[in-house]
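To start, the structure itself, in structure tokens.
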Number of protein chains: 2
Amino acid sequence: MTQNISALIEADAGCPMVSFVNLIAGKWAIPILYRLILLNKPFRFSDLLRAVEPITQKELTRQLRQFEARGLVTRNVFAEVPPRVEYQITELGKSLRPTLDSLADWMRANAAVLK
Amino acid sequence: MTQNISALIEADAGCPMVSFVNLIAGKWAIPILYRLILLNKPFRFSDLLRAVEPITQKELTRQLRQFEARGLVTRNVFAEVPPRVEYQITELGKSLRPTLDSLADWMRANAAVLK
DNA sequence: CGGGATCCACCTTGATACTG
DNA sequence: CAGTATCAAGGTGGATCCCG
């Protein structure tokens with residue numbers, strides 16, 4: 001039988017996994033997110049900028065704002081001179097860790113075969 | 001302390017998670033891969049083309065070849081008229097399923113919060 | 001200090017046509 | 001049938017300058 005596969009599976013736009021890809025795709029998403037998750041404390045913009053080197057300011061800003069919009073990080077602006085802005089992973093963001101770890105395990109286990 | 005975060009974490013190019021993103025990023029990677037995983041049997045090119053609609057021939061070819069290079073799918077050419085080429089998920093590819101499922105679970109659980 | 005605004009090179013993806 | 005070739009377009013990410 002030459003069936004209609006599409007009807008059987010949720011692998012389209014509304015698919016959770018496609019959404020996940022949209023969440024973590026992009027050159028710097030994981031490097032930023034994983035640092036915030038592992039460190040698990042507030043970080044200043046400029047510290048992150050150095051940590052995720054050699055990312056540009058523009059990209060770091062864009063990614064952080066995107067994570068903020070998704071509820072994965074919080075953005076805290078302090079009314080000081082000089083200005084200070086701190087970013088921190090949220091509980092939602094931290095809850096991603098087991099999943100990300102399991103994923104990293106799979107990659108480590110199969111790195112040799114994949115390459 | 002304004003520490004050097006980079007030194008502490010593997011979140012860079014060689015990071016397993018970054019590699020994973022490279023593996024499944026792209027508009028059609030998951031829709032193709034997940035179908036092959038769930039159906040778990042050989043599929044002709046044209047059947048896949050219809051199943052993953054509205055992907056273009058070019059993109060489907062490119063993704064399948066990429067998966068093949070990574071050892072996630074096999075490509076079987078039959079010397080017939082008309083020509084027939086079948087693609088099938090490998091054991092390595094199938095082993096990805098638990099990880100992908102767990103990931104989909106997280107997305108489903110937090111879909112409301114994320115949107 | 002923490003961005004925003006521009007401009008630009010590249011890469012990805014798509015549309016279309018052609019072929020063994 | 002299962003591709004390849006070619007061209008076009010949009011998006012991603014980088015470089016640079018500017019600002020409160």
Side-chain angles (χ1 to χ4, degrees), chain A residues 1-3 5 11-13 18-33 35-36 42-70 73-88, chain B residues 1-3 5 11-13 15 18-19 21-33 35-36 42-70 73-88:
Chain A
M1 95 232 194
T2 306
Q3 70 295 67
I5 315 180
D12 309 277
V18 171
S19 305
F20 179 82
V21 171
N22 292 333
L23 204 66
I24 51 113
K27 189 170 177 180
W28 301 104
I30 289 289
I32 297 170
L33 193 62
R35 276 180 174 82
L36 288 170
F43 272 98
R44 302 195 55 161
F45 181 83
S46 47
D47 287 339
L48 279 173
L49 195 58
R50 275 186 294 273
V52 194
E53 209 169 48
I55 194 176
T56 60
Q57 281 194 345
K58 177 185 157 188
E59 273 305 296
L60 183 56
T61 298
R62 212 177 47 85
Q63 272 293 345
L64 286 171
R65 294 292 164 90
Q66 204 164 308
F67 287 144
E68 190 196 5
R70 254 75 179 264
V73 309
T74 57
R75 180 172 182 266
N76 229 306
V77 184
F78 297 84
E80 300 174 358
V81 176
R84 179 161 55 112
V85 179
E86 287 187 348
Y87 295 90
Q88 183 168 16
Chain B
M1 97 239 195
T2 305
Q3 69 295 69
I5 315 180
D12 310 277
C15 168
V18 172
S19 305
V21 171
N22 292 333
L23 205 65
I24 51 116
K27 190 170 177 180
W28 300 104
I30 289 288
I32 296 170
L33 193 62
R35 277 180 173 81
L36 287 171
F43 272 98
R44 303 193 55 160
F45 181 83
S46 48
D47 286 340
L48 279 173
L49 195 59
R50 275 185 294 274
V52 193
E53 209 169 48
I55 194 176
T56 62
Q57 282 194 344
K58 179 183 153 189
E59 273 306 294
L60 182 57
T61 298
R62 212 177 45 86
Q63 272 293 344
L64 286 171
R65 295 291 166 87
Q66 206 166 308
F67 287 144
E68 190 196 4
R70 254 75 178 265
V73 310
T74 56
R75 178 172 181 266
N76 229 305
V77 183
F78 296 84
E80 300 174 357
V81 177
R84 180 162 54 114
V85 180
E86 287 187 348
Y87 294 91
Q88 184 169 15

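None of the values given here were measured: they were computed from a predicted structure. So that the names make sense, note that chain A is the first sequence line, chain B the second, and so on, each numbered from 1.
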query = Can you check the Gln57(A) CD to dT16(D) P distance for me, whole Å?
reply = 13 Å

key: From Ile32(B) atom CD1 to Phe67(B) atom CZ, the distance as rounded to the nearest 0.5 Å   = 6.0 Å

query = Can you tell me if the side-chain N/O atoms of Arg62(B) get under 4.0 Å from OP1 or OP2 in dT12(C)?
reply = no

message = Is there a side-chain contact between Thr61(A) and the phosphate of dG3(C), meaning an N or O under 4.0 Å from OP1 or OP2?
response = no

ask   = Could you state the CZ-C1' distance from Arg75(A) to dG2(C), rounded to the nearest angstrom?
value = 8 Å

inquiry  = Rounding to an integer number of Å, can you tell me how far Glu80(A) CD sits from dG2(C) P?
reply    = 10 Å

query = Do any N or O atoms from the side chain of Arg35(A) and from the backbone of Pro31(A) form a donor-acceptor pair under 3.5 angstrom?
reply = yes

ask   = Given the rule in the side chain to side chain contact (heavy atoms under 4.5 Å, CB included) test, do Val85(B) and Leu48(B) qualify, once you have shown the distances and angles that lead to the verdict?
value = CA-CA 11 Å; Val85(B) 180; Leu48(B) 279 173; over 6 Å; no

message = Using the side-chain heavy atoms of Lys27(B), tell me which of these nucleotides is nearest: dG20(C), dG14(C), dG2(C).
response = dG14(C)

ask   = Between Arg75(B) and Val73(B), does a side chain to side chain contact (heavy atoms under 4.5 Å, CB included) hold up when you go through it step by step?
value = CA-CA 7 Å; Arg75(B) 178 172 181 266; Val73(B) 310; 5.9 Å; no

remark   = In whole angstroms, the gap separating P of dT12(C) from CD of Glu59(B) amounts to 10 Å

ask   = So, are Glu59(B) and Arg62(B) salt-bridged, with charged N and O less than 4.0 Å apart?
value = yes

ask   = NZ of Lys58(B) versus P of dC1(D): gap in Å, rounded?
value = 22 Å

ask   = Any side-chain N or O of Trp28(A) under 4.0 Å from OP1/OP2 of dT12(D)?
value = no

query = To the nearest Å, how far apart are Asn22(A) CG and dT13(C) P?
reply = 12 Å

key: Interatomic distance, Leu64(B) CG vs dT13(C) C1' [rounded to whole Å]   = 16 Å

key: 5'-most by nearest nucleotide on DNA chain D - Arg44(B) or Gly26(A)   = Arg44(B)

ask   = Looking across every strand, which nucleic acid part, if any, lies under 4.0 Å from Tyr87(B) by heavy atom: base, sugar-phosphate, or nothing?
value = sugar-phosphate

message = What's the closest nucleotide to the side chain of Phe45(B) if the choices are dA2(D), dC1(C), dG4(C)?
response = dA2(D)

query = Is the phosphate of dG2(C), meaning OP1 or OP2, less than 4.0 Å from a side-chain N or O of Ser46(A)?
reply = yes

query = Rounded to the Å, how far apart are Leu49(B) CG and dC1(D) C1'?
reply = 11 Å

